[in-house]
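A quick note: this is a predicted structure, and the numbers were derived from the prediction, not measured. Naming convention: chains lettered A, B, ... in sequence-line order (proteins, then strands); numbering from 1 in each chain.
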Amino acid sequence: MEKISPDNTPVAVAVAEQEKKNFIEHFIDEDLESQRFDTVQTRFPPEPNGYLHLGHAKAICLNFGLAEKYKGVCNLRLDDTNPEKEDVEYVDSIKEDIAWLGFKWNELFYTSDYFPCLYNLAEELIKMGKAFVCDLNAEEMREYRGTLKEPGKDSPYRNRSIEENLDLFRRMKAGEFPDGSRTLRAKIDMTSPNLNMRDPIIYRIQRGHHHRTGDTWCIYPMYDFAHPLSDSIEGVTFSICTVEFEAHRPLYDWFLQNLNMPTQSRQIEFARLNVNYALMSKRKLKKMVDEGIVAGWDDPRMLTISGMRHRGYPGAAIRAFCESVGVAKANSTVDMAQLEFFVRDNLNYNAQRVMAVLDPLKVTITNYPQGKYENFDAVNNQEREEDGTRPITFGREIYIERSDFMENPVKKFHRLSPGRELRLLHAYYIKCEEFITDEAGNVIELLCTYDPNSRGGWCEDGRKVKGTAHWVAAHDCVEGEIRLYDRLFIKENPEDGELRDNLNPESLVIVKNAKLEKSLETVEKGSRFQFLRQGYFVADGVNEEGKPIFNRIVSLKDSFNKGK
RNA sequence: UGGGGUGUCGCCAAGUGGCAAGGCAGCGGUUUUUGGAGCCGCUAUUCGUUGGUUCGAAUCCAGCCACCCCAGCCA
């Protein structure tokens, strides 16, 4: 069963599958039915402290997808409560990546938009006697917090008067105290078995230039305080986050209830996405970039959104993949092969076929007249007839792939070897008569004959030529640089041991002098092609020699070289 | 070891008391001017485990086991 998505991409997911509801949708249905909410509003709330990756893509698809499905809205909120780690560079990349993936946020917000409001809500809490200024330093705080099995102890500052708390908090805001000297804490329960409820810090003093509010503030709200309140201020009904925040939910609810917020948003947690042979944590990805292990956040080997874009993965393929992995709460690691499947699935339909010889072996067709050339019509994409054909030129000297010739063929090899025939795609049958070697014994040229009666790749006598190969005409081709990308790590779980020790030394192999069919000389950067029998490639500008560069997006499945 | 979660095919994942969907991977076959794609099949008598309830349990109950998260003035 095949369904065509709006951008004309086939989605290899059964229709019935798409109609299946995940557990979050069951919750939503429940809340809509009970009239807890009458609309669906979600948000995607990244902290601008790094570039987005495939894990974020899953969250984006989920949040935007839910809003679309329930005819609600989804906003983008940059959760910028920690100036130390954040930067506009990240803000810009986040916006670009979401748009590239194909989603449009309803409104754009920043948590920093709410700093004044959040501050007032904190004062409210103080006035209710539910928050206090604490003078414990970080180390003391840790001691008072207790441990996993022992309860904590009340801070000696816990019973300050409301007036004193208000005065101290205002002076914290005014900049009268040094960084880290005091905090504002919610007054909940130091004996709670849930550590998050042991009088959590809601404001800290931290001088640092904020990328939007500059030096206006020297106190910043903590995530646990800012997040539920921001959600409520915006009217978010379903606040979807990852499972590690599950233990924070009681706190989330506590702030909404105690401050009697207008929207009692519902937090729902799902399991984050992991993919084998890859890293999916902003912190680790940043490390790879900072240590120069990769070329940057958009290195085509990284599963950042910008890396995948650079690699040539279509946004629609990423969306289809996210759709296919589903949403649940169990820890899981999805196979890289599943991601690659959706990339191929998309490109098989969308990418035009061309011929490119990566490891050229010269072939002279001895019975083809010198100086004669002829054109053949090559099908651009047999999956889409409307894409038509293009002319390709044939001549006496051509290049074929070195791996398409074997002096001593292994069994089941049905390409070229002495005395055997091979079909040149769209052209003729050729037969290998002789091969020439250099002093070292390497084959450097093939002497073949062609069968004039096999024009177009068919012969009326019906004789069987099983192998078909791609080729380019020596007089009508262009040289190019091909970058063969592969998985970055050799270990399924790259974090098992040192990252550096787990790197795949062949994650990037550069081929300098590939022979490409002439039509590839001037193609738009970002155009994607299928190099016949090899894989999908994306145009990535020209190199220092002026030769076009192509990045391998993903190889074709290969049942001959299976397992390699 | 306190609290919060999770365990269904190699990898994801439906399933909500009536007798194990689907996708990826794999394996056959068919077709093919890409060893691609397509098409047709096959692949869990069993749901972490042990007991219990029931005519009937992956689904309910109890115990046990395994794994993940929480002791940042990060998010």
Answer with yes or no whether [X] presents, from its side chain, a donor or acceptor under 3.5 Å of a partner atom in the base of [N].
X: A:Lys149; N: B:U1; value: yes
X: A:Gln534; N: B:U34; value: no
X: A:Gln338; N: B:G23; value: yes

Please confirm whether the backbone N or O of [Y] pairs with a side-chain atom of [X], one donor and one acceptor, at under 3.5 Å?
X: A:Ser192; Y: A:Asn194; answer: yes
X: A:Ser454; Y: A:Asp451; answer: yes
X: A:His210; Y: A:Asp80; answer: yes
X: A:Glu86; Y: A:Asn82; answer: yes

Please check the phosphate of [N] (OP1 and OP2 only) for any side-chain N or O of [X] closer than 4.0 Å.
X: A:Ser324; N: B:G22; answer: no
X: A:Lys21; N: B:A13; answer: no
X: A:Gln206; N: B:C74; answer: yes
X: A:Thr468; N: B:U32; answer: no
X: A:His26; N: B:G15; answer: yes
X: A:Thr147; N: B:G2; answer: no
X: A:Lys557; N: B:A25; answer: yes
X: A:Arg182; N: B:C73; answer: no
X: A:Arg142; N: B:G72; answer: yes
X: A:Arg204; N: B:C74; answer: yes
X: A:Arg145; N: B:G72; answer: yes

Calculate the interatomic distance between [X] atom [atom1] and [N] atom [atom2]; express it in whole Å.
X: A:His248; N: B:A75; atom1: NE2; atom2: P; value: 11 Å
X: A:Phe132; N: B:C73; atom1: CZ; atom2: C1'; value: 13 Å
X: A:Gln267; N: B:A75; atom1: CD; atom2: P; value: 15 Å
X: A:Lys20; N: B:U16; atom1: NZ; atom2: C1'; value: 12 Å
X: A:Asp224; N: B:A71; atom1: CG; atom2: P; value: 11 Å
X: A:Leu339; N: B:A25; atom1: CG; atom2: P; value: 12 Å

Please state the [atom1] separation for the pair [N] and [M] - nearest whole angstrom.
N: B:G4; M: B:A71; atom1: C1'; result: 14 Å
N: B:G56; M: B:U43; atom1: C1'; result: 28 Å
N: B:C19; M: B:A58; atom1: C1'; result: 11 Å
N: B:G15; M: B:G51; atom1: P; result: 29 Å
N: B:G18; M: B:C12; atom1: P; result: 27 Å

- Query: Does B:G72 fall in syn (glycosidic angle within 90° of 0) or anti?
  - Reply: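 You should classify B:G72 as syn.
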Give the ring-plane orientation class for [X] versus [Y], where under 30° counts as parallel, over 60° as perpendicular and anything between as tilted.
X: A:Phe550; Y: A:Phe529; answer: perpendicular
X: A:Phe23; Y: A:Phe27; answer: perpendicular
X: A:Phe531; Y: A:Phe537; answer: parallel

- Message: On RNA chain B, compare the nucleotides closest to A:Glu246 and A:Leu424; which residue's is nearer the 5' end?
- Response: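 In this pair, the answer is A:Glu246.
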- Message: Quick check on RNA chain B: between A:Leu148 and A:Leu532, whose nearest nucleotide comes earlier from the 5' end?
- Response: A:Leu148
